[in-house]
Amino acid sequence: GLNILTVRTKDASGQWSAFYTKPFNNDNTFALTAENLNTIAFCETVEMPVPFTTTGVFPSENSFKLQLSNINGQNFIDLPTTQTGNVLKANIPPGLMGGFGYRVRVVSSLPLMRALSATVLTIKNKPHVSISGTQTINFEQAANLTITANGTLPITYTLNGESTVVQSSTTTKSVSP
């Protein structure tokens with residue numbers, strides 16, 4: 001469709017002094033769509049597949065890449081991207097703040113186009129668990145261990161063949177060898 005580009009400039013005294021317009025038509029030969037993702041929650045460093053569709057024959061010099069927003073759905077960053085057919089793949093960067101609100105988009109280089117997926121993502125931090133205690137563990141005597149978990153909870157850990165779900169960041173577990 002018809003569009004009009006408008007440019008205004010200020011003179012040396014800061015007054016608006018020029019006004020230019022230029023009509024132009026959009027080239028509807030190309031279209032790019034980022035599809036919905038099958039998964040909406042990803043742990044950091046995990047691969048994220050993003051399906052996309054195109055219309056038109058993109059030049060051979062074109063490349064596609066993924067960009068990920070911050071937790072507010074803004075300020076996109078480039079992700080190292082691989083392509084298999086109409087699926088782009090990139091790993092979620094480590095160290096992101098866990099939470100809901102991330103967005104992903106597909107970008108083509110030639111012509112420059114951006115397509116935002118409607119999927120809103122949750123990034124989960126990988127769990128890290130440490131076990132500590134202040135007691136000496138003697139044979140056939142119980143001792144308390146403190147289990148500290150960081151990352152997105154709940155998590156499940158297995159100790160001596162027994163699985164336990166951790167709902168809070170610190171848990172105490174009684175063990176006896």
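For the numbers below, each heavy atom of this structure counts, side chains included, while hydrogens, waters and symmetry mates do not.
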Stepwise side chain to side chain contact (heavy atoms under 4.5 Å, CB included) check, V107 with L112: CA-CA 7 Å; V107 178; L112 178 59; 3.9 Å; yes

Shared hydrophobic cluster for I92 and I155 (ILVMFWY, side-chain gaps under 4.5 Å): no

Which heavy atom of [X] sits nearest a heavy atom of [Y], and at what distance?
{"X": "L116", "Y": "V104", "result": "CD1-O, 3.5 Å"}
{"X": "L32", "Y": "V106", "result": "CD2-O, 3.7 Å"}
{"X": "A34", "Y": "A115", "result": "CB-O, 3.3 Å"}
{"X": "S69", "Y": "G101", "result": "OG-O, 4.2 Å"}

Does any part of the side chain of [Y], heavy atoms only, come nearer than 4.5 Å to the side chain of [X], both counted from C-beta?
{"X": "F52", "Y": "S108", "result": "no"}
{"X": "F64", "Y": "T81", "result": "no"}
{"X": "P154", "Y": "V166", "result": "no"}
{"X": "L68", "Y": "L121", "result": "yes"}
{"X": "N91", "Y": "L79", "result": "no"}
{"X": "V120", "Y": "F100", "result": "yes"}
{"X": "Y102", "Y": "L96", "result": "yes"}
{"X": "T164", "Y": "K173", "result": "yes"}

N38 atom CG, over 12 foreign heavy atoms within 6.0 Å: no

Judged by atom type as modelled, is there a donor-acceptor pair below 3.5 Å linking the side chain of [X] to the main-chain atoms of [Y]?
{"X": "T84", "Y": "V87", "answer": "no"}
{"X": "N86", "Y": "T53", "answer": "no"}
{"X": "N62", "Y": "S109", "answer": "yes"}
{"X": "T119", "Y": "L37", "answer": "yes"}
{"X": "N72", "Y": "Q74", "answer": "no"}

Any donor-acceptor N or O pair under 3.5 Å, side chains T6, T21: no

Polar contact flag, side-chain donor to acceptor under 3.5 angstrom, E35-S117: no

Working for side chain to side chain donor-acceptor pair (under 3.5 Å), residues T158 and S163: CA-CA 4 Å; T158 303; S163 293; 3.1 Å; yes

From CA spacing to verdict: side chain to side chain contact (heavy atoms under 4.5 Å, CB included), R103, F76: CA-CA 8 Å; R103 304 293 301 268; F76 286 81; 4.1 Å; yes

Would you mind writing out the side-chain donor-acceptor pairs for residues 39-51 within the sub-3.5 Å range, not counting sequence neighbours?
unit_1, atom_1, unit_2, atom_2, d
E44, OE1, G95, N, 2.7
E44, OE2, K126, N, 3.2
T45, OG1, K126, NZ, 2.7

Between CG on residue L66 and CG on residue L88, distance to nearest 0.5 Å: 4.5 Å

Full working for side chain to side chain contact (heavy atoms under 4.5 Å, CB included) between R105 and K65: CA-CA 8 Å; R105 69 182 177 191; K65 66 181 171 186; over 6 Å; no

